[in-house]
Amino acid sequence: MSASQNGARDDSGRARSVAIIMDGNGRWAAGRGLSVAEGHREGARALRRTVEAAIDLGVESLAVYAFSTENWARPAEEVGALLELLDETIERELPDLAKQGVRTRFFGRRDRIPEASREKMAELERETAANVRLQLWIAFDYGSRGELVEAVRRLVADQVLPEDVSEQTLAERFYAPELPDPDLVIRTSGEQRLSNFLLWQSAYSELVFTETLWPDFGKDALGAALDEYARRARRYGAR
Ligand code: FPP
């Protein structure tokens, strides 16, 4: 499989598949004397705004990092607030987006998520399965290294022969095999690292880092990142 095969490469220079590391909720809240939970709540509003902007800007697939496997190590109160926000987002924000043609899928581990939330996730995935305007992928309890280890376990369990192990047979066993490789990965809040997000899938992605804190992100910031992407020349290792 070539680097671009699984992606949504568009030779017009437009990014069709975008991934975002939504960072800076805590700093946004601290700057206003608010709790970190309020920062995440504002982050959920920014997510909705950004999905609507992505539709307007012609993005076809948007993957966002909502909760990493490492985030369980945060204070119990903050973890609880994020799990609550997951339920609230599924109940309040995502149905409105579904009406606008958004198909939502979650990717990551499901076994540590409370049963009631798991059911809500599955229900939303079922209800939006026929939507085609924008593919929204929400990473929840996701870590790229864990995903790779899990995929190797599945190869072994499926008794795949060594000579049949390939990029394709491995990637078919990821949490979301249909997730296109991102053309563009954006990280907000000035941090410049991938933090275990889509390490395999972003092998040839363009990276854009913005100082904007996630709760302040929206159409202008997304448009600026897409413009920056359009100025880049992607070569996939070739000349
Ligand atoms: C990183 O900011 C952000 C997170 C760990 C959570 C992201 C979650 C949302 C945007 C909420 C919406 C989504 C769902 C579906 C629940 P940080 O808290 O690490 O920021 P800091 O580095 O400034 O402290």
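Read the numbers this way: they start at 1 and go in the same order the structure lists the ligands and their atoms.
Considering only non-hydrogen protein atoms, atom 9 (C) of ligand 1 sits nearest to Asn25 ND2, 3.8 Å. Nearest protein heavy-atom neighbour of atom 14 (C) of ligand 1: Ala66 CB, 4.0 Å. Of the protein's heavy atoms, Arg27 NH2, 3.0 Å lies nearest to atom 22 (O) of ligand 1. What sits closest to atom 3 (C) of ligand 1 on the protein, heavy atoms only, is Met22 O, 3.1 Å. If you check which protein heavy atom lies closest to atom 24 (O) of ligand 1, you get Gly26 CA, 3.4 Å.
No side-chain N or O of Arg187 forms a donor-acceptor pair with one of Gln192 less than 3.5 Å apart.
Taking a cut-off of under 4.0 Å to the non-hydrogen atoms of Leu86, the atoms of ligand 1 that pass are 16 (C). Remark: ligand 1 atoms within the under-4.0 Å shell around heavy atoms of His40 are 4 (C), 6 (C), 11 (C), 18 (O). Distances below 4.0 Å separate heavy atoms of Asn71 from the following atoms of ligand 1: 5 (C). Interface atoms of ligand 1 facing Gly43, defined by a heavy-atom separation under 4.0 Å, are 10 (C).
In terms of modelled atom types and a separation under 3.5 Å, the side chain of Arg133 and the main chain of Ile55 share no donor-acceptor contact. Judged by distance alone, with hydrogens and angles left aside, the side-chain atoms of Asn71 form a donor-acceptor pair with the main-chain N or O of Ser68 at under 3.5 Å.
Connection of Leu85 to Phe106 is not established within any shared hydrophobic cluster, with ILVMFWY side chains joined at heavy-atom distances below 4.5 Å, either directly or through further cluster members. A single hydrophobic cluster is not seen to contain both Val149 and Val152; linkage of ILVMFWY side chains at heavy-atom distances under 4.5 Å, directly or through other members, places them apart.
Using a 4.0 Å cutoff on heavy atoms, Ser189 does not count as a contact of ligand 1. Within the structure, the closest approach of Glu88 to ligand 1 does not fall below 4.0 Å when heavy atoms are considered.
One distance of note links CD of Glu211 with OG1 of Thr188; it measures 10.0 Å at 0.5 Å rounding.
Phe67 and Trp72 have perpendicular rings, their planes meeting at more than 60° on a 0 to 90° scale where under 30° would count as parallel. The aromatic rings of Tyr65 and Phe197 sit parallel, their planes meeting at an angle under 30°, below the 60° perpendicular limit.
In this structure, Thr128 has no side-chain hydrogen bond (donor to acceptor under 3.5 Å, both in side chains) partners at least two apart in sequence or on a different chain.
With a heavy-atom cut-off of 4.0 Å, Leu213 does not touch ligand 1 at all. Under 4.0 angstrom from ligand 1, the non-hydrogen atoms of Arg74 all belong to its side chain.
Geometrically, ligand 1 and Trp214 share no nitrogen or oxygen pair separated by less than 3.5 Å. Checked by distance only, ligand 1 and Gly24 come closer than 3.5 Å through their nitrogen or oxygen atoms.
Within a 6.0 Å radius of CZ in Arg118, more than 12 heavy atoms belonging to other residues, nucleotides or ligands are found.
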